[in-house]
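Since this is a predicted model, take the numbers as computed values, not measurements. Residue numbers begin at 1 in each chain, while the letters A, B, ... track the order of the sequences.
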Amino acid sequence: MENNIKIEIDNKLCNVSVVRVAITSLISQKDVPLDEITEIKTAISEAVTNCIEHAYEEENQKVVISAKLSTIDDMDFLLINIEDFGIGIEDVDLATTPGYTTKPELEHAGMGFTIMETFMDEITIDSKMGSGTKIKLMKKLRTRKVSNI
Amino acid sequence: MENNIKIEIDNKLCNVSVVRVAITSLISQKDVPLDEITEIKTAISEAVTNCIEHAYEEENQKVVISAKLSTIDDMDFLLINIEDFGIGIEDVDLATTPGYTTKPELEHAGMGFTIMETFMDEITIDSKMGSGTKIKLMKKLRTRKVSNI
Amino acid sequence: MKYTYDKENESLKLELIEEIDMNSCKALRSIIDGYIIKYNPKECILDLNKVSFMDSSGLGLIMGRHSLIKMLNAKLTLVGPNESIKKIIKLSHIGKEIRII
Amino acid sequence: MKYTYDKENESLKLELIEEIDMNSCKALRSIIDGYIIKYNPKECILDLNKVSFMDSSGLGLIMGRHSLIKMLNAKLTLVGPNESIKKIIKLSHIGKEIRII
Ligand SMILES: Nc1ncnc2c1ncn2[C@@H]1O[C@H](COP(=O)(O)OP(=O)(O)O)[C@@H](O)[C@H]1O
Ligand SMILES: Nc1ncnc2c1ncn2[C@@H]1O[C@H](COP(=O)(O)OP(=O)(O)O)[C@@H](O)[C@H]1O
């Protein structure tokens with residue numbers, strides 16, 4: 001069993017909440033605890049905000065989010081890809097250092113990647129200078145199972 | 001000024017509410033009255049549900065929803081396309097007749113198109129047998145303007 | 001679903017909640033019919049006060065229950081639909097046949 | 001934004017609401033600083049009880065206000081963050097520098 005959703009947004013900050021509600025609605029098909037939903041929302045918010053804040057100079061660029069909810073052997077997994085086609089990340093190790101940001105003047109905390117790592121089970125960063133960045137996030141859901149007793 | 005969002009879902013009924021919340025979140029960027037939001041949600045719900053209920057025999061097929069919010073001369077317009085790649089509609093005139101449904105046994109009311117027509121300003125139906133159906137919905141939003149007094 | 005059966009008036013009241021769309025309808029249908037068949041009431045009241053959203057699938061649901069209830073020689077009453085739901089009900093022919101409060 | 005200024009203790013309390021993300025932060029920042037500059041309080045309390053969602057942009061917002069408030073020789077207190085927000089705050093170095101109630 002699996003369920004797929006793909007969302008393509010313009011690079012506007014007001015669209016980050018559109019993605020959050022859509023993914024929340026998707027996950028809610030499973031009986032996932034509220035705190036886990038909040039943490040997943042936060043991780044996605046970080047990744048999407050990054051594409052909008054760091055990837056592009058121009059407007060009317062795209063960010064693509066695809067989410068897959070899949071059940072394997074009674075376990076539920078959420079896989080999310082967040083992709084932009086912007087400038088890319090030069091040094092991924094440096095970028096993922098807690099507190100590192102190239103936009104301190106805009107009060108970025110430099111904690112986006114740290115939060116994604118903390119709140120998800122797995123993160124893969126695939127970035128190429130000049131062609132874009134793709135973040136893969138994975139989480140095994142703490143789905144409440146209906147007991148048969 | 002415009003803002004675009006595109007959502008691609010698997011043909012599962014549980015995904016209709018994902019589309020509804022996403023579009024609601026998009027429209028909420030404008031100060032639209034609640035009853036108008038509800039009516040737009042209803043029209044979209046009809047169109048997406050139709051693609052899932054009528055277009056396909058198999059699972060794992062796609063429905064694509066794209067929404068454009070655009071401001072022209074201080075007026076806000078919402079344009080939504082709902083598209084499937086399924087069997088198509090043989091007789092559009094018949095299909096849009098109030099009360100007409102090919103699935104009465106599943107308690108379909110046959111009022112989907114009537115509701116889309118009632119709640120939106122414009123509807124265009126573009127359907128080809130064997131290749132799919134594309135519904136275009138348009139509505140001029142009753143956006144509350146901030147007064148300058 | 002909250003339900004109240006009023007013995008004296010033989011009336012069954014069912015309180016629907018949240019969103020009624022094609023997805024939720026399938027479950028709702030069999031639950032509602034279960035109550036109706038259990039109590040065989042003279043009147044069935046569907047309370048829509050807590051329904052924030054309903055599309056034409058809800059119309060199909062109401063029409064189907066209306067047919068069943070008519071067969072049982074009882075009547076159907078709708079309570080508290082919001083404005084958009086009222087509009088939807090009035091678009092269909094059952095708008096004339098069912099009492100809406 | 002609801003605010004209360006307690007003259008006796010020279011403490012300013014600001015009640016943040018709903019979601020704090022990069023989009024809402026930009027407006028929040030200038031409003032909060034406006035209040036701080038107006039009252040020049042000894043203590044600034046950010047009430048997060050009604051904040052259901054905050055990501056790292058909120059962390060940046062708090063860090064920025066913390067710097068401003070330190071420059072004014074005042075202190076910053078956070079009240080009522082939910083569990084995920086607490087986790088986020090503790091991930092950063094300000095988790096050690098700010099009082100959280
Ligand atoms: N999608 C992206 N495209 C280009 N650069 C990025 C992207 N995401 C992150 N970065 C770079 O990585 C840095 C660290 O990111 P992050 O940990 O999220 O902190 P912050 O967003 O607060 O700066 C950013 O400051 C930016 O330079
Ligand atoms: N996307 C579609 N693909 C194929 N057939 C469709 C589609 N949408 C609508 N139809 C046909 O048009 C009829 C009327 O649609 P509608 O007015 O929405 O009523 P209902 O969905 O309740 O049947 C449907 O019963 C179906 O036969």
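- In this structure, Lys136(A) places its NZ atom where only 12 or fewer heavy-atom neighbours from other residues, nucleotides or ligands lie under 6.0 Å away.
- Residues passing the salt bridge (charged side-chain N to carboxylate O under 4.0 Å, His left out) test with Lys139(A): none are found, sequence neighbours excluded.
- Among residues 79-101 of chain D, the residues having any heavy atom closer than 4.5 Å to a heavy atom of chain A are, in sequence order, Ser84(D), Lys87(D), Ile88(D), Leu91(D), Ser92(D).
- The distance from the SG atom of Cys25(D) to the NE2 atom of His108(A) is 9.5 Å, given to the nearest 0.5 Å.
- The local environment of NZ in Lys6(A) is sparse, with at most 12 non-hydrogen atoms from other residues, nucleotides or ligands closer than 6.0 Å.
- A salt bridge is defined here as a Lys NZ or Arg NE, NH1 or NH2 lying under 4.0 Å from an Asp or Glu carboxylate O, and Glu107(A) with Lys26(D) fails to meet this definition.
- The salt bridge (charged side-chain N to carboxylate O under 4.0 Å, His left out) search around Arg142(A) returns Asp35(A), Glu36(A), not counting sequence neighbours.
- Tested against Asp55(D), the residues Ile115(A), Thr49(A), Ile44(A), Val16(A) include a single side-chain contact (heavy atoms from CB on, under 4.5 Å) partner, Thr49(A).
- Here the straight-line distance linking atom OG of Ser45(A) with atom CD1 of Ile20(D) works out to 11.5 Å at 0.5 Å rounding.
- Of residues 116-135 of chain A, those residues with a non-hydrogen atom less than 4.5 Å from any non-hydrogen atom of chain D are, in numerical order, Thr118(A), Phe119(A).
- Summarising the geometry of Gly60(D) relative to Ala109(A), their closest heavy-atom pair is N-CB, 3.7 Å, with the distance given to 0.1 Å.
- For Met22(D), the parts sitting under 4.5 Å from any heavy atom of chain A are the backbone and the side chain alike.
- Put simply, the side chain of Phe53(D) does not reach to within 4.5 Å of the side chain of Ser17(A), judged on heavy atoms.
- At a 4.5 Å heavy-atom cutoff, the contact between Ser52(D) and chain A is made by backbone atoms alone.
- Within a 6.0 Å radius of CD in Glu105(A), more than 12 heavy atoms belonging to other residues, nucleotides or ligands are found.
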